Participant: 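Quick one: the structure is below, questions incoming.
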Amino acid sequence: MGDDLPAPRRAPESAAADRLARALGPGYEVVRLVGRGGFAEVYEVIDTDLQRRLAVKVLRADLPWSSGTISRFKQEARAIARLNHPNTLPIHFVGEANGLTFYVMPYLEGRSLSDILREEGPLPVARALAIAEPILETLEHAHRNGLVHRDVKPDNILIEAGTGRPLLVDFGIVKWVDGPTHHTQTGFIVGTPLYMSPEQALGKGDVDGRADVYGMGVVLFHMLTGAPPFEGDTSEEIVSRHLHEEVPVGSLERDRVPGWLSDIIVACLEKRPDDRLPGAQAVLEAIRARGLTEEQRRLGEELKATRSLPATRRRRWRRSFTMAGAALAVLGTSWVAFRPEPEARPGPSDTAALPIVAPPRHATLVVENQLAAPIALAIGDTDRTVLPGETMRLTVEAGRPLDAHWAIVQPSIAGRLLGLEVEGTIATKAVDGELRQLVDAGVGDTLRFAPTVVNRTRRPIGVAVVGDRDSTDCRCRISPGDSLRLGYYLFSPRSAVRVRNDRGATARYDALGDRVDEVSGAVSITVRPEDFRSR
């Protein structure tokens, strides 16, 4: 029962939705209002011919619009259509009909970064950078195409459910860098005060990509500390702090943000655009290069600590240090080498006692996460997060034993973890060349499945996952229009999902075998009113 698309049904009882349905025509069905902003509404729509879910952004019909506002809305669509990047949503088409102006794009199931930060608080450095780097790549792509976003903030960064892919959305106040200047007026302030660059706050007309660098600096600060750097009771107070106050570096130190990353954030948040990192690509390069430089610093300190060790061990550390420096040089990174005092040459009596030590050989561990959830990967003292669909390559020492451990990051609700723990080890006596590890739903030859339940009814529902001998109640309520990932469970031919609404009516979804993805174990279950039977 159920599939990924809502069953055809009557459009919502709202004049705006009915009007949009008439504007789109008979090939589309308006399902629900997803969200409403100050000037536009977003609806979920079904393309009944191609059987795909779409999102339609439409100027609100209850407000009077000038020709300039309509032109700006179309500009947003043109800006998005001009981009071709995996971390943006493409535009299918732009339309004007029945007195409405709208554009159509794919429907995205997921949460905004703002929602995640509100629910989870500060993010670990690895997770924050896993979100920031693709968004910086997207901004660089936009800047190369002559576009400045000008409203980079957590509300405009969406995290796709299942894949964890971050997407930059809402180019509603985008500026054409290489186009006519009349698209935005000097003195007209656009942006969100909490994330707004000083030049935007001053209403300057020459805003460029460095404003997005500033916004990304604020977003990074927020992700790592749990709050933006400058807050206040009014927009005027917030803007004044952006203009006049120094970045509160103490908050970064309190949350143990690495010094090199704190320096990059401060460089993004310089008041004058000329003092900032010059573009999104420069921020990316700084993150990647400074991360390597930090590793070099660590090796350098370890080298200093080995001066009292025997000569052969000192030489081994020097070779490791030199190789780290060579890696930085290959990447074109500017770095300052640690220069320990030169080691005295051994005398004739020492030479016979010193064996020749070959430089350490390196191998590669490649971990591919094909699950529908992130995994935490631990190798020695190092922890990494590998997002769904992501492949991580790690350099390890060749010829040495490898013992790594991974475990899924379980979803949670109200502090309770959902589903079962799923974990595994990656162990070998010696790594040589490239060792690939595929992490999928068949861990230990036992298939697991991960249901996502989508509530397409008008009532809250509770969910239980049924197994061979028992059932697991998630003890949760899924509101109308919402969805919930339930984590992983052991799969058998008798596995099922049972839902109950607040009136006691139940629905059961059996025969999941044909629908469970054999690799990821993911299965989506859409609950509709007609699926229920009375108690």
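Please read these numbers as outputs of a predicted model, since none were measured by experiment. Scope of the values below: all heavy atoms of this structure, side chains included, with no hydrogens, waters or symmetry mates.
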Participant: Students often mix this up, so state it plainly: with edges at 30° and 60°, are the rings of His222 and Tyr195 parallel, tilted or perpendicular?
Facilitator: parallel
Participant: Output yes when a side-chain donor or acceptor of Arg241 lies under 3.5 Å from a complementary backbone atom of Glu231, and no otherwise.
Facilitator: yes
Participant: To the nearest 0.5 angstrom, please state how far the CE atom of Met223 sits from the CG atom of Leu113.
Facilitator: 6.0 Å
Participant: Donor-acceptor check, side chain of Arg276 to backbone of Arg210, threshold 3.5 angstrom: yes or no?
Facilitator: yes
Participant: Flag the pair Asn87 / Pro166 as yes when at least one side-chain heavy-atom distance between them is below 4.5 Å, and no otherwise.
Facilitator: yes
Participant: What closest approach, in Å, do Ala441 and Leu371 show between heavy atoms, and which atom pair accounts for it?
Facilitator: N-CD2, 3.5 Å
Participant: Check Val422 against Trp406 and note the closest heavy-atom contact, atom names and distance.
Facilitator: O-CZ3, 3.5 Å
Participant: Mark yes or no for whether Arg393, through its side chain, and Thr364, through its backbone, hold a donor-acceptor pair below 3.5 Å.
Facilitator: no
Participant: Does atom CG of Asp274 have more than 12 heavy-atom neighbours, drawn from other residues, nucleotides or ligands, at distances under 6.0 Å?
Facilitator: yes
Participant: Under a 4.0 Å N-O cut-off, is there an ion pair linking Glu390 with Arg127?
Facilitator: no
Participant: Check whether Thr48 reaches the backbone of Gly27 with its side chain - one donor and one acceptor, N or O, closer than 3.5 Å.
Facilitator: yes
Participant: Kindly indicate whether the side chain of Val497, heavy atoms from C-beta on, has any atom under 4.5 Å from the side chain of Val523.
Facilitator: no
Participant: Near Glu518 CD, under 6.0 Å, is it more than 12 heavy atoms from other residues, nucleotides or ligands?
Facilitator: no
Participant: Without swapping roles, check the side chain of Arg436 against the backbone of Leu365 for a donor-acceptor pair under 3.5 Å.
Facilitator: no
Participant: Between Gln200 and Arg150, what is the shortest heavy-atom contact and its length?
Facilitator: NE2-O, 2.9 Å
Participant: Find the distance between CG (Leu447) and OG (Ser495) and round it off to the nearest 0.5 Å.
Facilitator: 8.5 Å
Participant: Which value, rounded to the nearest 0.5 Å, describes the distance between Leu486 atom CG and Gln410 atom CD?
Facilitator: 12.5 Å
Participant: Could you grab the distance from atom CD of Glu41 to atom CG of Leu20, nearest 0.5 Å is fine?
Facilitator: 9.0 Å
Participant: Please name the pair of heavy atoms, one in Ala23 and one in Ala97, separated by the smallest distance, quoted to 0.1 Å.
Facilitator: CB-O, 3.5 Å
Participant: Using a 3.5 Å distance criterion without hydrogens, assess whether the side chain of Asp18 forms a donor-acceptor pair with backbone atoms of Arg22.
Facilitator: no
Participant: Test side chain to side chain contact (heavy atoms under 4.5 Å, CB included) on Phe102 and Phe93; report intermediate values, then the result.
Facilitator: CA-CA 9 Å; Phe102 54 87; Phe93 62 89; 4.0 Å; yes
Participant: Check whether any side-chain heavy atom of Val453 sits under 4.5 Å from a side-chain heavy atom of Tyr509, and report yes or no.
Facilitator: no
Participant: Arg165 side chain to Pro134 main-chain N or O, any donor-acceptor pair under 3.5 Å?
Facilitator: no
Participant: Leu123 vs Ile131, test: side chain to side chain contact (heavy atoms under 4.5 Å, CB included). Steps then yes/no.
Facilitator: CA-CA 10 Å; Leu123 304 182; Ile131 294 171; 4.0 Å; yes
Participant: Do side-chain atoms of Glu44 reach the backbone of Val31 as a donor and acceptor pair under 3.5 angstrom?
Facilitator: no
Participant: For His149, does its backbone N or O pair with a side-chain atom of His143 as donor and acceptor, under 3.5 Å?
Facilitator: no
Participant: Looking at side-chain heavy atoms only, is the closest gap between Phe221 and Val247 below 4.5 Å?
Facilitator: yes
Participant: Taking 4.0 angstrom as the limit, do Glu119 and Arg111 come out as a salt bridge?
Facilitator: yes
Participant: Looking at Glu140 and Arg144, is there a salt bridge between them, counting it only when a charged N and a carboxylate O are closer than 4.0 Å?
Facilitator: yes
Participant: Can you tell me how far the CE atom of Met105 sits from the OG1 atom of Thr88, to the nearest 0.5 Å?
Facilitator: 11.0 Å
Participant: Any idea which heavy atoms bring Glu270 and Ala267 closest together, and the distance?
Facilitator: CG-O, 3.7 Å
Participant: One pair to check against side chain to side chain contact (heavy atoms under 4.5 Å, CB included): Tyr107 and Val45. What are the steps and the verdict?
Facilitator: CA-CA 8 Å; Tyr107 181 87; Val45 170; over 6 Å; no
Participant: Is there side-chain contact between Val499 and Asp531, with heavy atoms separated by less than 4.5 Å?
Facilitator: no
Participant: Just by modelled atom types, is the Gly442 backbone N or O under 3.5 Å from a matching donor or acceptor in the Asp440 side chain?
Facilitator: yes
Participant: Measuring from atom CD1 of Ile135 to atom CG of Leu284, what distance do you get when rounded to the nearest 0.5 angstrom?
Facilitator: 11.0 Å
Participant: Are side-chain heavy atoms of Thr225 and Pro122 found at a separation under 4.5 Å?
Facilitator: no
Participant: Could you walk me through whether Leu139 and Val283 satisfy the side chain to side chain contact (heavy atoms under 4.5 Å, CB included) test, starting with their C-alpha distance in whole Å, then the side-chain angles of each, then the deciding distance to 0.1 Å, before giving a yes or no?
Facilitator: CA-CA 11 Å; Leu139 287 171; Val283 181; over 6 Å; no
Participant: For the residue pair Phe230 and His242, categorise the inter-ring angle as parallel (less than 30°), tilted (30 to 60°) or perpendicular (more than 60°).
Facilitator: perpendicular
Participant: Are the side chains of Leu194 and Val218 in touch, meaning some heavy atoms are under 4.5 Å apart?
Facilitator: no
Participant: Work out which heavy atom in Ile375 is nearest to a heavy atom in Asn369; give both atom names and the distance.
Facilitator: N-ND2, 3.7 Å
Participant: Do Ile159 and Asp115 have side chains that get closer than 4.5 Å, going by heavy atoms?
Facilitator: no
